[in-house]
There are 2 protein chains.
Amino acid sequence: MVSSKDVAKHAGVSQTTVSRVLNTPELVKKPTIDKVMKAIQELNYIPNAHARSLVQNKTYTIALLSGPLHNPFFVDTTTAIVNYANSKGYRVNVQFVNDKKLTEAYATAFEQKVDGIILSCILIDDPIFEKLEKMDIPFITYNRKHKNNRQFVEIDNFEAGYLSAKHLIELGHTNIAWVGGPLTMSTFNNRYHGFLKAIKEYQHSVSAEYIIHTDTSKMDVSRAFQKLIHSKNRPTGICAGSDSLALYLMDDAIYANLSVPEDISIIGIDNVDISQHASIQLTTVGSISKENLGFLAINKLIELIENKKNSCVKITESVRIYSRKTTRKI
Amino acid sequence: MVSSKDVAKHAGVSQTTVSRVLNTPELVKKPTIDKVMKAIQELNYIPNAHARSLVQNKTYTIALLSGPLHNPFFVDTTTAIVNYANSKGYRVNVQFVNDKKLTEAYATAFEQKVDGIILSCILIDDPIFEKLEKMDIPFITYNRKHKNNRQFVEIDNFEAGYLSAKHLIELGHTNIAWVGGPLTMSTFNNRYHGFLKAIKEYQHSVSAEYIIHTDTSKMDVSRAFQKLIHSKNRPTGICAGSDSLALYLMDDAIYANLSVPEDISIIGIDNVDISQHASIQLTTVGSISKENLGFLAINKLIELIENKKNSCVKITESVRIYSRKTTRKI
DNA sequence: TAACAAAATGAATACGTAACCATTTTTGGT
DNA sequence: ACCAAAAATGGTTACGTATTCATTTTGTTA
């Protein structure tokens, strides 16, 4: 591999000068710069980022621990995160974490000595959190958060759940189901409690007979759906804990020969990009702001990295209903 | 930052021994291992991957230059690539490349001294190709390929285009449009020529009045669609150059109050995961094999990296029709 | 032209690890 | 108990860069 020493020799200067040409050319005479640049071209020299990291203790690398892309929420956030980070000169190490081997994912992130970590997949009570804090690397969570989280970006999950239920109630639904993910995740937890609040507000007229907390895999959701539609008192509307779940439910509904929303209304939360597609037109609750949650988070993370200010970043975006075609008056 | 030297001092051994405990523990006595491990725990030591890279000239990092995730094809491939690479102990540096700043993307990949590069975004005539070869880093393309490509994984694009047109012809369509991406990309190029072949085979009875090669952005596709439906002789079926384009076209069709497939048939190519969703059920052409194209490519790339065998990898997967709900008899 | 400041360059070093070679300790066979 | 071989450990170096400090060259002023 051709190194800066090789370039130096070839150009008849010191390695120091080569380094200067690349980093502080204003300290180098023009003819010297030319000589060195010529040598760089001729030898096809490319500086080694690892060696630089070693001496500068700065890697220009960020670890992203994302949920899987079959969840469209993570499609949107991953895009926003990677693109913004790249535009700021950072490389992004991506891992798609299933909650099983989270620890492993962290390990590889730590070895890289990344400048920062951005993650979604953390549980309210996750023991990994303390390890993260010990690392003394800036990190931020988006979407989900830990109970002790100091840096996070989320939507107002409680309000989202509340608005979701209220939307169906106001459309006249009186038997509403909840299908959400594990309550160990802050998102589903808060959304569910928001949902409950709305139901309770209308307790005289509305009931939620079916509350299902399921795993987020397609199969588990299908199982939940089957349970729902074969129940004696089939709900007329389902509040899904996320758009991803809502899409799964729509899939199940259609394959069960139920029309959405004619036979059953479905509402999601997150307002993922794909929910707007004409073939889907999912009614959902999402951030008022157009800024993607991932963008907000990576933005703040890079600020933390570069300013080293220990300021707390706690962002909770307001939400609103995006009323589309998967819910209807009853 | 705590280094192996710190651990060594704390454990009363040499740095060499610490290194051995982590890499070749079979060469170290049990009690010594225990001492060292204890020190590692106590100091919360994590080895520095960059330093290791420097001395071993091996980074366990792969650069992935993918197309954007709003194209569902890249959702599927990115998932497959990242997950497989991680399972093999490789980190993946992801970049979502728009064709403008491709060069920049390569630059950062090169600086990382990655072990290998996996990329989709390359043009048939791309000048970057020679730089890539010069780098002497194993690389492989998936989906698209360069005219001189030695390592690639693709589907049989010509056949795919052919089957796509043939499908509509056999359904009785006689006025069929083509909406594809730039012919500078091997995919669209071959698919288009396959399409043409089918049209020509039935020349007496079928015509393709509208051939549109567009950019792949939503807006450009919409423009193409508008042109099509406002034409004097509106086609009854559209062969889209990819599922991504097909989905855009479906979106446009529905918003233009045209039913798919009642008013217009649309067929894609790629058989992306989302095309199976009950709300979409896109008829498409895709690989017969269940193995994702990205998986095949990363698999081969890691083989190339680890065996250093210079064998050519040229994989062209056979394709078939996946007949769903967006095309109909006429 | 001398004197001195400023600009330009170079030599040596550190970063954290693995690898190589040298040395010490242990083991096993007589 | 002794010796050779094997096992275990340590000292030193290299990887490729940026940085610090020292030295040389250039430019400016009296």
Side-chain angles (χ1 to χ4, degrees), chain A residues 1-37 39-40 43-61 89 107-108 110-115 135-137, chain B residues 1-37 39-40 43-61 89 107-108 110-115 135-137:
Chain A
M1 183 188 310
V2 37
S3 72
S4 57
K5 274 181 194 164
D6 301 325
V7 174
K9 197 178 294 175
H10 193 260
V13 300
S14 71
Q15 181 266 328
T16 307
T17 298
V18 175
S19 176
R20 266 196 284 258
V21 167
L22 293 174
N23 297 296
T24 52
E26 67 276 12
L27 297 180
V28 185
K29 264 204 299 190
K30 186 75 197 331
T32 310
I33 293 185
D34 294 342
K35 265 195 303 185
V36 171
M37 289 309 286
I40 288 178
L43 298 183
N44 194 27
Y45 165 70
I46 295 174
N48 185 316
H50 296 100
R52 185 186 297 138
S53 296
L54 205 55
V55 56
Q56 292 189 321
N57 201 24
K58 166 91 177 151
T59 63
Y60 284 100
T61 303
T108 69
F110 292 159
E111 285 202 350
Q112 279 275 90
K113 306 289 177 200
V114 293
D115 291 343
M135 292 302 301
D136 205 32
I137 295 176
Chain B
M1 183 189 308
V2 37
S3 72
S4 57
K5 274 182 195 164
D6 301 325
V7 174
K9 196 178 295 175
H10 193 259
V13 300
S14 71
Q15 181 268 328
T16 305
T17 298
V18 175
S19 175
R20 266 195 284 257
V21 167
L22 293 175
N23 298 296
T24 52
E26 66 276 12
L27 298 180
V28 185
K29 265 203 300 190
K30 186 75 198 328
T32 310
I33 293 185
D34 294 341
K35 265 195 302 184
V36 171
M37 290 309 284
I40 287 179
L43 298 183
N44 194 27
Y45 165 71
I46 295 174
N48 185 318
H50 295 101
R52 184 186 298 141
S53 296
L54 204 55
V55 57
Q56 292 190 321
N57 200 24
K58 166 92 178 151
T59 63
Y60 285 100
T61 304
T108 70
F110 292 160
E111 284 202 351
Q112 278 277 89
K113 306 289 177 200
V114 293
D115 291 344
M135 290 303 301
D136 205 31
I137 295 177

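- Comparing D/dT17, C/dT17, C/dG10 against the side chain of A/Val13 picks out C/dG10 as the nearest.
- Within the structure, a side-chain polar atom (N or O) of B/Gln56 is placed less than 4.0 Å from OP1 or OP2 of C/dA19.
- Counting heavy-atom neighbours within 6.0 Å of A/Lys9 NZ, excluding the residue itself, gives a total of 12 or less.
- If you measure from atom NZ of B/Lys29 to atom C1' of C/dT27, you get 11 Å, rounded to the nearest angstrom.
- Judged by distance alone, with hydrogens and angles left aside, B/Thr16 brings a side-chain donor or acceptor within reach of the base of C/dA19, the pair sitting under 3.5 Å.
- With the end axes of the helix from C/dT1-D/dA30 to C/dT30-D/dA1 each set by five pairs, the angle from one to the other reads 30° at 10° resolution.
- Closest to the side chain of B/Arg20, out of C/dA8, C/dG16, D/dG10, is D/dG10.
- Using a 4.0 Å heavy-atom distance criterion, B/Val18 is classed as making no nucleic acid contact.
- Base contact: B/Ser19 has a heavy atom under 4.0 Å from a base atom.
- With B/Val2 as reference, B/Leu43 is the one residue of B/Asn48, B/Asn44, B/Leu43, B/Ile46 to meet the side chain to side chain contact (heavy atoms under 4.5 Å, CB included) rule.
- Counting distance only, with no hydrogens placed and no angle test, the side-chain atoms of B/Gln15 and the base atoms of C/dA18 include a donor-acceptor pair under 3.5 Å.
- Rounded to an integer number of Å, the gap from A/Leu27 CG to D/dT19 P is 11 Å.
- The side-chain heavy atoms of A/Leu22 and A/Ile40, taken from C-beta on, include a pair separated by under 4.5 Å.
- A donor and an acceptor atom, one from each side chain of A/Ser19 and A/Thr16, are nowhere located under 3.5 Å apart.
- Taking atom NZ of residue B/Lys5 and atom P of nucleotide D/dT12, one finds them 12 Å apart after rounding to whole Å.
- Within 6.0 Å of CZ in A/Phe110 there are more than 12 heavy atoms belonging to other residues, nucleotides or ligands.
- For A/Asn23, the listed nucleotide lying nearest its side chain is D/dA18; candidates were C/dT26, D/dA18, C/dG10.
- Remark: C1' of C/dT9 and CG of A/Leu22 are 16 Å apart, rounded to the nearest angstrom.
- Positionally, the nearest nucleotide of DNA chain D for B/Thr32 lies more toward the 5' end than for the other of A/Arg52 and B/Thr32.
- Closest of all the heavy-atom pairs between A/Ile33 and A/Pro25 is CD1-O, 3.6 Å.
- For A/Thr17 and C/dT9, the shortest distance from a side-chain N or O to OP1 or OP2 is not below 4.0 Å.
- Counting only distance, with no hydrogens or angles, the side chain of A/Lys113 and the backbone of A/Leu54 share no donor-acceptor pair below 3.5 Å.
- The environment of NZ in A/Lys58 is crowded: more than 12 heavy-atom neighbours from other residues, nucleotides or ligands sit within 6.0 Å.
- With rounding to whole Å, A/Leu43 atom CG is found 15 Å from D/dG16 atom C1'.
- If you check distances only, the side chain of B/Ser4 never reaches the base of C/dA18 with a donor-acceptor pair under 3.5 Å.
- In this structure, B/Lys30 places its NZ atom 20 Å from C1' of C/dT25, rounding to the nearest Å.
- The side chain of A/Ser14 places no N or O atom within less than 4.0 Å of a non-bridging phosphate oxygen (OP1 or OP2) of C/dA11.
- Rounded to whole angstrom, the span from the CD1 atom of A/Ile46 across to the C1' atom of D/dT17 amounts to 15 Å.
- Ranking C/dT17, D/dT17, C/dT9 by closeness to the A/Ala51 side chain, first place goes to D/dT17.
- Atom NE2 in B/His50 sits about 14 Å away from atom P in D/dA18, given to the nearest Å.
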